[in-house]
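What you are looking at is a predicted structure, and each value in this text was computed from that prediction instead of being measured.
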Amino acid sequence: AWLRQKLLVLGSLAVGSLLYLVARVGSLDRLQPICPIEGRFGARSQAEFPLRALQFKRGLLHEFRKGNASKEQVRLHDLVQQLPKAIIIGVRKGGTRALLEMLNLHPAVVKASQEIHFFDNDENYAKGIDWYRKKMPFSYPQQITIEKSPAYFITEEVPERIYKMNSSIKLLVIVREPTTRAISDYTQVLEGKERKNKTYYKFEKLAIDPNTCEVNTKYKAVRTSIYTKHLERWLKYFPIEQFHIVDGDRLITEPLPELQLVEKFLNLPPRISQYNLYFNATRGFYCLRFNIIFNKCLAGSKGRIHPEVDPSVITKLRKFFHPFNQKFYQITGRTLNWP
Ligand code: A3P
């Protein structure tokens, strides 16, 4: 009788806790929206939704991202794999990873961790849009998915392909001062060569044509930095209002105001704060703080030390990029502090 009484007490305690938990989760789902996500994301996003509840559930999403989700759990939690509503299309070495990771601090944003290379890779593109969607992370229907593949910006076929998927998609382009970006690009390739014990040319030799002593426009790192040329191809498909230019140099030194501009462009309520970003003196960069427990810096491959480059080559490159930069400012309406 004593044991039965104990079991009864324990049983009712367990049922009580369960009911409390169900009621609590239910009430979290019903939290009043803090701020509506307005406008341009279509009917669903026009509905108001509780960001705090999304933040609460993020841990759960993280588990699912690790591949621990069963079909039943996906259904139970109303999770979906959504096509991106915004894409970071480039520019390579502009700070694309930092931008994606920092936007992911926002409770309404879910990032595709890997570069998917759907639109720039013919083999992937041939697999169809459903293949692409299945590469996307699980998210709640009210969240927006963002992916980044910097090769999109410079690949000929991509604008048309993205247009065919979603003609009103939002496009983020993060740029850095073109000469610095070109050197960063070179540094990445150089590191790859060194890893394979291969030798490589000096930057000066690649960037300057030895016959003419002019800037070598056949060198890919130079071509990629002529932002206006690439952007003009995109403008055949998308109006300029669908692009937002992020200043990659300022994202390094002062990330918050840049992120706030992106939040505005994406019609997201401002949720990324100074709390989420802290300067790590050892890394020499801002790192990310998701909450009291979880923070992270970007991988060591971000923020490499650049080789020293002959100042006369830098001057030549800066002179070369100058007119393209002016055009870029004119088209985008964003003037940057480039020489
Ligand atoms: P460097 O390695 O030349 O310094 P991408 O992600 O597009 O490849 O861009 C890499 C660049 O992101 C790095 O270039 C680095 O300067 C920049 N970056 C911006 N914010 C950063 C951050 N918080 N941590 C590390 N790198 C950052």
Side-chain angles (χ1 to χ4, degrees), residues 33-51 53-55 57-58 61 64-65 74 77-91 96-120 124-125 128-153 158-174 234-235 237-246 258-272:
I34 298 163
C35 179
I37 303 265
E38 312 141 1
R40 306 193 222 160
F41 285 128
R44 210 171 218 164
S45 62
Q46 306 227 345
E48 299 179 350
F49 67 88
L51 285 177
L54 288 177
Q55 199 134 35
K57 288 169 163 182
R58 261 194 116 85
L61 268 184
F64 291 138
R65 259 208 292 276
V74 167
H77 293 281
D78 220 0
L79 293 171
V80 280
Q81 284 170 292
Q82 309 186 71
L83 289 173
K85 298 262 166 47
I87 304 183
I88 301 170
I89 56 173
V91 178
T96 53
R97 173 58 60 187
L99 179 60
L100 182 71
E101 297 294 332
M102 287 173 180
L103 288 178
N104 193 51
L105 289 163
H106 197 291
V109 171
V110 180
K111 63 162 185 181
S113 296
Q114 306 293 324
E115 290 182 10
I116 312 220
H117 290 281
F118 177 62
F119 298 103
D120 62 307
N124 288 343
Y125 191 64
I129 203 81
D130 225 45
W131 178 88
Y132 183 52
R133 199 176 54 77
K134 287 203 178 102
K135 289 279 171 201
M136 294 299 155
F138 287 107
S139 60
Y140 294 99
Q142 309 92 322
Q143 291 176 309
I144 62 161
T145 302
I146 300 189
E147 82 124 326
K148 76 117 177 163
S149 295
Y152 291 167
F153 188 61
V158 174
E160 184 180 359
R161 288 175 176 178
I162 294 187
Y163 182 85
K164 280 182 182 159
M165 174 186 74
N166 178 0
S167 62
S168 60
I169 196 154
K170 298 199 172 203
L171 302 163
L172 294 162
V173 188
I174 178 162
W234 284 82
L235 289 172
Y237 293 89
F238 299 97
I240 195 67
E241 295 73 32
Q242 267 170 255
F243 294 84
H244 176 73
I245 306 300
V246 179
E258 276 307 310
L259 295 169
Q260 287 169 333
L261 290 176
V262 181
E263 287 181 322
K264 219 180 236 172
F265 172 69
L266 297 177
N267 284 327
L268 295 171
R271 282 293 175 279
I272 304 173

For this session: Not counting sequence neighbours, which residues clear side-chain contact (heavy atoms from CB on, under 4.5 Å) with Glu160? List them please.
Result: Lys164, Tyr237
Exercise. Got a sec, which residues hit side-chain contact (heavy atoms from CB on, under 4.5 Å) with Arg161, two or more places apart in sequence or on another chain?
Worked result: Phe119, Asp122, Tyr125, Glu157
For this session: Compute whether any side-chain donor of one residue and acceptor of the other, for Glu147 and Tyr132, lie under 3.5 angstrom apart.
Result: yes
For this session: Determine whether the side chains of Gln82 and Thr145 contain a donor N or O and an acceptor N or O closer than 3.5 Å.
Result: no
For this session: Compute both the distance and the angle, then confirm whether Lys170 meets the cation-pi test with Phe265: under 6.0 Å from the six-membered ring centre, within 45 degrees of the axis.
Result: yes
Problem set entry | Contacts of type ring-ring contact (aromatic ring centres under 6.0 Å, His included), residue His117, not counting sequence neighbours | none
Seminar exercise, completed: Taken in chain and number order and not counting sequence neighbours, the residues that satisfy ring-ring contact (aromatic ring centres under 6.0 Å, His included) with Phe238 are Tyr163
Answer yes or no: is there a donor N or O on one side and an acceptor on the other, between the side chain of [X] and the main chain of [Y], under 3.5 Å?
X	Y	answer
Trp234	Phe153	yes
Glu115	Ala151	no
His244	Lys264	no
Gln143	Ala108	no

Exercise. Does the pair Phe243 and Leu235 meet the rule for a side chain to side chain contact (heavy atoms under 4.5 Å, CB included), with working shown?
Worked result: CA-CA 9 Å; Phe243 294 84; Leu235 289 172; 3.8 Å; yes
Exercise. Got a sec, which residues hit salt bridge (Lys or Arg N to Asp or Glu O under 4.0 Å) with Glu101, two or more places apart in sequence or on another chain?
Worked result: Arg97, Lys111, Lys296
